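Worksheet for the structure shown next.
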Amino acid sequence: MKFGILSLFAAAVVALTGCRSDLYYQNQAVEEARNYLLENAPELDIAQREFVRFNSPVFLFEPENNASGGDLVYQSGQICVTWIIPGKEDVYMVVGFSDSRMVGWSPNRLVRKQFPQKDVIVSNAVNAARNYVYQNLYTNLPVDMANQIRFTPPEIFYSSFKPETPFGATREEKELILKQLNSKTQFAMRWTWPDNSGNYVVVIGYAPQGRGVEGFAVNSAGIYSADELTGFIGEKFSNGDE
């Protein structure tokens, strides 16, 4: 298997058509992969097994060697349902074969593989953003955008949005939160709407200064037009940035 660095962040496949049944098949595949991993990784301790049970995986995609171009929805290949488990140097990938809808996907084998630490840090940050969308925006998105977020990596930018504070917080609590955030670096993770309408799903968060996106925590998320992003999106983040 050959997985490029960017593939660690998410599968390079976009399901742009279909219905909510796509999400059903994808979630079903995740459960099968989760059970397969837990059955075949006896070295995991209790805390690591609980992490697998209750955390979303990353999807990796490697197209079939002879796959033709065209609509990626119907392109077959190896899809790995992947967990980056705290305390383990290896990334755990449950390998299966299907098209990107994941109808009929089933576990074939468990692969343990090491990736550069910088790639793992970015992947963890993207997963934090993606999980926030799952919990707060996912049911409000059309299926093409939901799949776009689930299967493709976002663009990551330095940004300067006004930070949000929790509803109901006292004035003193808000001032403390803002003081803490002002000492950190803000990033925006942006997914483009697949119909090219000029809209984006954007997740905004913060990480400690000088550490790239390591420790990234979400502050807010929403659906923005291109005009609404003007003046708030800065330079693009590079994985080599410190």
Side-chain angles (χ1 to χ4, degrees), residues 1-42 44 48-85 88 90-113 115 123 126-127 129-131 133-135 137-154 191-195 201:
M1 290 183 298
K2 296 181 180 179
F3 293 102
I5 289 176
L6 286 180
S7 293
L8 177 62
F9 308 153
V13 56
V14 186
L16 298 182
T17 62
C19 60
R20 289 289 175 186
S21 63
D22 290 4
L23 300 180
Y24 168 79
Y25 291 121
Q26 293 158 12
N27 289 333
Q28 188 177 56
V30 168
E31 285 306 307
E32 291 187 44
R34 179 178 281 117
N35 292 333
Y36 187 88
L37 190 160
L38 293 174
E39 290 173 2
N40 291 276
L44 299 180
Q48 290 164 341
R49 295 175 70 84
E50 291 298 289
F51 179 88
V52 173
R53 286 192 179 97
F54 296 109
N55 285 273
S56 299
V58 177
F59 289 83
L60 315 184
F61 179 74
E62 178 71 10
E64 192 175 10
N65 288 336
N66 297 322
S68 59
D71 194 343
L72 290 175
V73 173
Y74 302 106
Q75 192 172 113
S76 297
Q78 289 184 344
I79 299 179
C80 296
V81 185
T82 304
W83 279 268
I84 302 172
I85 303 173
K88 304 300 292 185
D90 291 330
V91 171
Y92 283 64
M93 306 188 298
V94 182
V95 183
F97 187 88
S98 73
D99 66 21
S100 60
R101 292 189 65 207
M102 300 188 78
V103 178
W105 184 96
S106 62
N108 177 268
R109 63 191 183 278
L110 174 63
V111 174
R112 300 163 177 83
K113 182 178 176 64
F115 288 91
S123 183
V126 171
N127 249 12
R130 187 175 280 122
N131 287 335
V133 173
Y134 293 163
Q135 296 168 13
L137 293 178
Y138 215 56
T139 57
N140 296 322
L141 298 175
V143 67
D144 56 354
M145 191 60 199
N147 280 339
Q148 180 91 328
I149 291 168
R150 187 160 205 175
F151 284 100
T152 65
W191 282 272
T192 303
W193 214 273
D195 61 5
V201 170

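Here the structure is a predicted model, which is why all the values come from computation and not from measurement.
Between atom CD of residue Gln26 and atom CH2 of residue Trp105 there is a gap of 12.0 Å, rounded to the nearest 0.5 Å. One distance of note links NZ of Lys113 with OG1 of Thr82; it measures 11.0 Å at 0.5 Å rounding. Separation of atoms CZ (Arg49) and CG (Leu44) is listed at 6.5 Å; rounding is to 0.5 Å. Here CG of Leu37 is found 6.0 Å from CH2 of Trp83. Values are rounded to the nearest 0.5 Å. Atoms CZ and CZ, on Arg130 and Phe59 in that order, are 9.0 Å from each other to the nearest 0.5 Å.
Residues Ser123 and Ile84 approach most closely at OG-CD1, 3.3 Å, considering heavy atoms. What you find for Asn127 and Ser56 is that their closest heavy atoms are ND2-O, 3.6 Å. The two atoms that bring Val81 and Met102 nearest to each other are CG2-CE, 4.1 Å, heavy atoms only. The shortest non-hydrogen separation linking Tyr25 to Val103 is CD1-CG2, 3.4 Å. A pairwise comparison of heavy atoms in Met145 and Val201 identifies CE-CG2, 3.6 Å as the closest pair. Considering every non-hydrogen atom in both Ala33 and Val94, the closest pair reads O-CG2, 3.6 Å.
At least one donor-acceptor pair closer than 3.5 Å links the side chain of Arg34 to the backbone N or O of Asn55. In this structure a side-chain-to-backbone donor-acceptor pair under 3.5 Å is missing from Glu32 to Pro107.
In this view, Asn40 and Tyr36, Leu110 satisfy the side-chain contact (heavy atoms from CB on, under 4.5 Å) rule, not counting sequence neighbours. Arg53 is linked by a salt bridge (charged side-chain N to carboxylate O under 4.0 Å, His left out) to Glu50, counting only residues two or more places apart in sequence or in another chain. The side-chain hydrogen bond (donor to acceptor under 3.5 Å, both in side chains) search around Ser106 returns none, not counting sequence neighbours. With sequence neighbours excluded, the residues forming a side-chain contact (heavy atoms from CB on, under 4.5 Å) with Asp90 are Tyr92, Arg112, Gln114, listed by chain and number. Considering only residues two or more places apart in sequence or on other chains, Ala129 meets the side-chain contact (heavy atoms from CB on, under 4.5 Å) condition with Met189, Trp191, Val203, Phe216. Looking at residues two or more places apart in sequence or on another chain, you find no salt bridge (charged side-chain N to carboxylate O under 4.0 Å, His left out) involving Glu39.
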Take Asn27 and Glu31 through the side-chain contact (heavy atoms from CB on, under 4.5 Å) test and state the conclusion after the steps. CA-CA 6 Å; Asn27 289 333; Glu31 285 306 307; over 6 Å; no
Run the side-chain contact (heavy atoms from CB on, under 4.5 Å) check on Val111 and Cys80 step by step: do they pass? CA-CA 9 Å; Val111 174; Cys80 296; over 6 Å; no
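Residues Ile149 and Leu137 form no side-chain contact, since every pair of their non-hydrogen atoms from C-beta on lies 4.5 Å or further apart. When side chains are defined from C-beta on, Val126 does not count as touching Pro153, because their heavy atoms never get closer than 4.5 Å.
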